[in-house]
Amino acid sequence: QVQLVESGGGSVQAGGSLTLSCAASGRAVERYVMGWFRQAPGKEREFVAGIMATETMTDYTNSVKGRFTISRDYAKNTVYLQMNSLNTEDTAVYYCAAGSRWPLNRYEFVSNWGQGTQVTVSS
């Protein structure tokens with residue numbers, strides 16, 4: 001089991017950018033598939049992006065492809081989500097996630113969750 005601590009959430013104007021960070025710690029952190037989910041009010045928690053240990057293996061939900069980039073710094077045990085061209089529909093609580101399956105695009109594949117960080121995009 002790993003512990004995930006997020007940072008970088010906040011408010012931004014539409015069209016702006018924001019970067020989220022997730023610091024992971026625990027046993028065999030490097031073996032976990034990492035990713036991001038988000039949950040907007042009245043909606044189910046949805047998959048946003050995932051990354052394998054290879055870094056070349058990434059997966060994104062269609063709505064963020066071309067705008068969001070997930071990356072992983074193994075030296076720092078940190079996963080990042082660079083979010084560009086944000087719009088109001090991106091407003092949600094974003095959760096860092098860790099799991100043992102690929103792709104990490106389903107809620108039931110997640111074994112550990114971060115506490116969540118609020119991202120608010122204003123028009």
Side-chain angles (χ1 to χ4, degrees):
Q1 188 170 332
V2 299
Q3 295 182 6
L4 308 173
V5 180
E6 302 169 352
S7 62
S11 299
V12 65
Q13 293 293 118
S17 299
L18 201 63
T19 300
L20 306 181
S21 300
C22 174
S25 62
R27 184 175 64 86
V29 172
E30 69 279 1
R31 298 183 182 181
Y32 283 83
V33 175
M34 303 295 295
W36 294 89
F37 286 70
R38 67 185 181 186
Q39 188 167 19
K43 296 183 178 180
E44 294 185 351
R45 189 171 299 185
E46 66 172 346
F47 170 77
V48 177
I51 186 167
M52 285 279 286
T54 63
E55 290 193 19
T56 61
M57 295 293 292
T58 58
D59 191 32
Y60 300 90
T61 191
N62 288 335
S63 63
V64 308
K65 289 181 179 179
R67 299 190 298 120
F68 291 10
T69 302
I70 187 171
S71 61
R72 187 168 183 170
D73 187 333
Y74 285 93
K76 298 180 179 179
N77 290 325
T78 301
V79 178
Y80 303 94
L81 185 67
Q82 174 66 49
M83 304 182 292
N84 298 324
S85 300
L86 287 163
N87 57 64
T88 56
E89 294 185 1
D90 295 316
T91 295
V93 177
Y94 284 71
Y95 298 90
C96 186
S100 59
R101 292 191 180 189
W102 178 261
L104 192 67
N105 61 354
R106 297 179 63 178
Y107 183 93
E108 57 265 42
F109 293 161
V110 177
S111 60
N112 298 275
W113 295 98
Q115 78 283 359
T117 184
Q118 178 70 49
V119 173
T120 302
V121 184
S122 301
S123 61

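Since the model is a prediction, treat every value here as computed from it, not as a measurement.
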Exercise for the section: Assess whether atom CD of Glu89 is packed by more than 12 heavy atoms of other residues, nucleotides or ligands within 6.0 Å. Expected result: no
Handout entry: Side-chain donor or acceptor of Gln3 paired with backbone N/O of Ser25 under 3.5 Å
Key = no
Fill in the blank from the handout: Output for pair (Tyr32 OH, Ser100 OG), nearest 0.5 Å, gives 7.5 Å
Handout entry: Exceeds 12 heavy-atom contacts within 6.0 angstrom, atom CD of Glu44
Key = no
Handout entry: Nearest non-hydrogen partners of Ala92 and Ala40, listed with the distance
Key = CB-N, 3.8 Å
Fill in the blank from the handout: Between Phe109 and Pro103 the two heavy atoms that sit nearest each other are CD1-O, 3.5 Å
Exercise for the section: With Met34 as reference, evaluate Asn77, Val2, Leu4, Asn112 under the side-chain contact (heavy atoms from CB on, under 4.5 Å) test and give the passing residue. Expected result: Leu4
Problem - Side-chain donor or acceptor of Arg72 paired with backbone N/O of Val79 under 3.5 Å - result: no
Practice task
Measure the CE-CE distance between Met57 and Met52 for me, rounded to the nearest 0.5 Å.
Solution key: 6.0 Å
Practice task
Answer yes or no: is there a side-chain heavy-atom contact under 4.5 Å between Val33 and Ile51?
Solution key: no
Practice task
Look at the side chain of Arg31 and the backbone N and O of Arg27, then say whether any donor-acceptor pair between them is shorter than 3.5 Å.
Solution key: no
Problem - Backbone N/O of Ala98 and side chain of Ser111: donor-acceptor pair under 3.5 Å - result: yes
Problem - Exercise: identify the closest heavy-atom pair between Val110 and Ala97 - result: CG1-CB, 3.7 Å
Practice task
Evaluate the side-chain contact (heavy atoms from CB on, under 4.5 Å) criterion for residues Val12 and Thr120: first the C-alpha distance (whole Å), next the side-chain angles of each, then the deciding distance (0.1 Å), finally the verdict.
Solution key: CA-CA 6 Å; Val12 65; Thr120 302; over 6 Å; no
Handout entry: Pairwise side-chain contact, Leu20 with Val119, heavy-atom cut-off 4.5 Å (strictly under)
Key = yes
Fill in the blank from the handout: Which of Thr91, Thr117, Asp90 passes side chain to side chain donor-acceptor pair (under 3.5 Å) with Arg38? Answer is Asp90
Exercise for the section: Determine whether Val64 and Phe47 make a side-chain contact, defined as any pair of heavy atoms from C-beta on separated by less than 4.5 Å. Expected result: no
Problem - CG on Leu86 to CG on Leu18, rounded to 0.5 Å - result: 6.5 Å
Problem - Donor-acceptor contact present, side-chain Tyr94 to main-chain Val48, <3.5 Å - result: no
Practice task
Please tell me if the side chains of Leu81 and Phe68 come closer than 4.5 Å, counting only heavy atoms from C-beta onward.
Solution key: yes
Handout entry: Aromatic ring proximity Phe37/Tyr95, centre distance under 6.0 Å
Key = no
Problem - OG-CD distance between Ser11 and Gln118, expressed to the nearest 0.5 angstrom - result: 7.5 Å
Practice task
Can you measure from CH2 (Trp113) to SG (Cys22) and round to the nearest 0.5 angstrom?
Solution key: 11.5 Å
Handout entry: Thr78 and Asp73: side chain donor to acceptor below 3.5 Å
Key = no
Practice task
For Ser85 and Ser17, work out which heavy atoms get closest and say how close.
Solution key: N-OG, 4.3 Å
Handout entry: CE on Met83 to CD1 on Ile70, rounded to 0.5 Å
Key = 11.5 Å
Exercise for the section: Quick one: do Val29 and Tyr74 satisfy side-chain contact (heavy atoms from CB on, under 4.5 Å)? Show the steps, please. Expected result: CA-CA 9 Å; Val29 172; Tyr74 285 93; over 6 Å; no
